[in-house]
There are 2 protein chains.
Amino acid sequence: MTDEKAPERDPEAVSKFVESFAAQLVEAGLQRMPARVFAALLSSDTGTLTSSELSEQLKISPAAVSGAVRYLAQVHMVSREREPGSRRERYRVHAGQWYEALTNREAVIKRWEHALREGVDSLGADTPAGRRLAETLAFFEFIDGEVIAMMERWRVRREELFGAS
Amino acid sequence: MTDEKAPERDPEAVSKFVESFAAQLVEAGLQRMPARVFAALLSSDTGTLTSSELSEQLKISPAAVSGAVRYLAQVHMVSREREPGSRRERYRVHAGQWYEALTNREAVIKRWEHALREGVDSLGADTPAGRRLAETLAFFEFIDGEVIAMMERWRVRREELFGAS
DNA sequence: CCTTAACTTCACAAATTTCTGAAAGTAGCG
DNA sequence: CGCTACTTTCAGAAATTTGTGAAGTTAAGG
């Protein structure tokens with residue numbers, strides 16, 4: 001009900017959410033800057049922000065934005081887009097895309113499996129320790145398959161709930 | 001085939017596995033000392049080690065062991081046992097117990113959900129950002145249920161593979 | 001081409017985290 | 001009751017991580 005034409009959200013409220021969600025991400029193991037940048041994108045209206053918008057909103061240097069975004073892109077939590085006809089770059093969080101990245105723990109799991117296999121070999125499959133490692137390995141192999149099926153079910157569910165593909 | 005009565009494993013090989021598996025755990029977000037301690041327990045024959053054994057094997061101070069173990073116990077990755085009739089404490093990794101702790105990310109997820117709910121409220125459920133947050137929230141709620149069912153299936157599977165309950 | 005707007009890289013200062021030695025508990029055992 | 005064998009706590013040194021300013025790079029637009 002103000003006379004502003006674009007209904008600007010209360011920056012105070014946005015910032016409050018950004019910081020509190022970022023804090024949770026940090027606690028879960030993400031670095032601080034990537035967490036804040038990601039939270040900011042998640043709570044933006046378009047799901048996209050430019051480098052300078054991020055820099056301004058979060059009060060951090062362009063260098064920090066650059067580093068954070070590079071990391072986030074690497075783990076597929078955001079994607080980068082070039083605005084045609086401008087040097088400006090836009091960073092985007094696809095609603096449906098990012099938590100699939102959580103799934104990409106898969107790469108991590110593969111490495112765990114590798115390390116465990118080596119362990120089973122070098123300690124001996126017939127030793128108590130070897131057996132313990134083998135069981136852990138079996139667990140991860142199980143998880144591998146389950147996660148894939150689970151994400152399949154989620155896509156179906158999501159369709160039900162929100163319609164859009 | 002040596003004349004040693006207890007068939008000591010090659011400490012070299014054990015150490016190699018411990019360090020390489022610990023490295024993976026670190027990369028996944030665990031702190032260094034807890035990771036090393038945990039890997040050492042995982043590759044021990046009995047699945048238990050005393051404080052001084054850990055201290056010696058990993059070449060770290062008793063203080064470091066104490067800190068690492070406190071953390072691991074807190075997140076339920078190891079349990080502590082008192083040897084009756086001795087001040088000595090024993091730390092144990094239950095083969096089937098520890099990866100259930102991975103599941104206890106559950107607590108983490110609950111906090112994420114809380115933060116997201118607040119975000120939806122304060123940004124407005126009818127805004128684009130609000131809708132994005134709501135979808136993310138729905139995803140986590142979905143995961144909650146799935147993980148529980150998945151662990152159920154694992155227990156069945158484990159029974160098949162290894163027999164022991 | 002040259003200018004300029006944008007992003008990236010790099011070296012370093014600051015903040016944080018990690019590990020240790022030393023001191024202080026705590027409980028078994030004589 | 002106190003000695004002894006362990007473990008935990010704590011303050012601080014050392015290592016690591018983080019974020020910045022400044023210089024470097026790249027491409028759009030004149």
Side-chain angles (χ1 to χ4, degrees), chain A residues 15 18-19 22-41 44 46 48-75 77-93, chain B residues 15 18-19 22-41 44 46 48-75 77-93:
Chain A
S15 171
V18 167
E19 295 306 330
Q24 297 303 323
L25 294 171
V26 167
E27 200 150 333
L30 209 60
Q31 290 153 329
R32 172 192 291 277
M33 282 297 139
R36 296 180 70 210
V37 165
F38 182 74
L41 280 168
S44 71
T46 59
T48 69
L49 289 172
T50 63
S51 180
S52 47
E53 287 168 332
L54 284 167
S55 173
E56 189 187 339
Q57 185 181 332
L58 299 175
K59 307 265 210 301
I60 58 180
S61 71
V65 174
S66 175
V69 162
R70 174 169 35 167
Y71 174 80
L72 290 170
Q74 210 161 32
V75 300
M77 288 175 70
V78 310
S79 55
R80 348 169 56 127
E81 315 181 339
R82 250 338 185 324
E83 289 194 329
S86 160
R87 292 282 329 280
R88 194 171 276 145
E89 211 156 55
R90 228 163 186 43
Y91 308 115
R92 152 167 282 138
V93 51
Chain B
S15 170
V18 166
E19 296 306 330
Q24 298 303 322
L25 293 171
V26 167
E27 198 150 335
L30 210 59
Q31 290 152 331
R32 174 187 292 276
M33 281 297 140
R36 295 179 69 210
V37 166
F38 182 73
L41 279 168
S44 71
T46 59
T48 69
L49 290 172
T50 64
S51 180
S52 48
E53 287 168 334
L54 283 166
S55 172
E56 188 188 339
Q57 184 181 333
L58 299 174
K59 306 265 211 303
I60 59 182
S61 71
V65 173
S66 175
V69 162
R70 173 168 37 166
Y71 173 80
L72 290 170
Q74 210 160 32
V75 299
M77 286 175 71
V78 310
S79 53
R80 348 168 56 122
E81 315 180 340
R82 251 340 184 325
E83 288 194 327
S86 160
R87 293 280 331 280
R88 195 171 273 147
E89 211 155 56
R90 229 165 184 41
Y91 308 114
R92 151 166 283 137
V93 52

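Just so it is clear, the values below take in all heavy atoms, side chains as well, and ignore hydrogens, waters and symmetry mates. All values reported here derive from a predicted model rather than from experimental measurement. In what follows, chains are A, B, ... by sequence order, proteins preceding strands, each numbered from 1.
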Between atom CZ in R70(A) and atom C1' in dT8(C), what is the gap in whole Å? 8 Å
Students often get this wrong, so: under 4.0 angstrom with heavy atoms, is R36(A) touching a base, only sugar-phosphate, or nothing? nothing
Suppose we screen for side-chain contact (heavy atoms from CB on, under 4.5 Å). Which residues come up paired with S66(A), at least two apart in sequence or across chains? none
List for me each residue that meets salt bridge (charged side-chain N to carboxylate O under 4.0 Å, His left out) alongside E53(A), sequence neighbours excluded, and say none if there are none. none
In whole Å, what is the span from the CZ atom of R90(A) to the P atom of dA6(C)? 12 Å
For every nucleotide of nucleotides 17-30 of chain C, 5' to 3': is a protein heavy atom under 4.0 Å from its base (B), only from its sugar-phosphate (S), or from neither (-)? -SSBB---BBB-S-
S51(B) near the nucleic acid: base, sugar-phosphate alone, or nothing, with a heavy-atom cut-off under 4.0 Å? sugar-phosphate
Going by side-chain contact (heavy atoms from CB on, under 4.5 Å), name the residues that satisfy it together with A22(B), two or more places apart in sequence or in a different chain. A35(B), R36(B), A39(B)
Please enumerate all residues that pass salt bridge (charged side-chain N to carboxylate O under 4.0 Å, His left out) together with R80(B), with sequence neighbours excluded. E89(B)
Could you give all pairs that pass the side chain to side chain donor-acceptor pair (under 3.5 Å) test and reach residues 22-34 of chain A, with sequence neighbours left out? Q24(A)-R111(B), E27(A)-R111(B)
Contact class for Y71(B) vs. all strands (heavy atom < 4.0 Å): base, sugar-phosphate, or nothing? nothing
Which residues share a salt bridge (charged side-chain N to carboxylate O under 4.0 Å, His left out) with E81(A), sequence neighbours left out: R92(A)
If the test is side chain to side chain contact (heavy atoms under 4.5 Å, CB included), which one of V37(B), V69(B), L72(B) qualifies with M77(B)? L72(B)
Please identify the 5'-most and 3'-most nucleotides of DNA chain D with any atom under 4.0 angstrom from a heavy atom of chain A. dT18(D) to dG29(D)
Sequence neighbours excluded, which residues qualify as side chain to side chain donor-acceptor pair (under 3.5 Å) partners of T46(A)? T48(A)
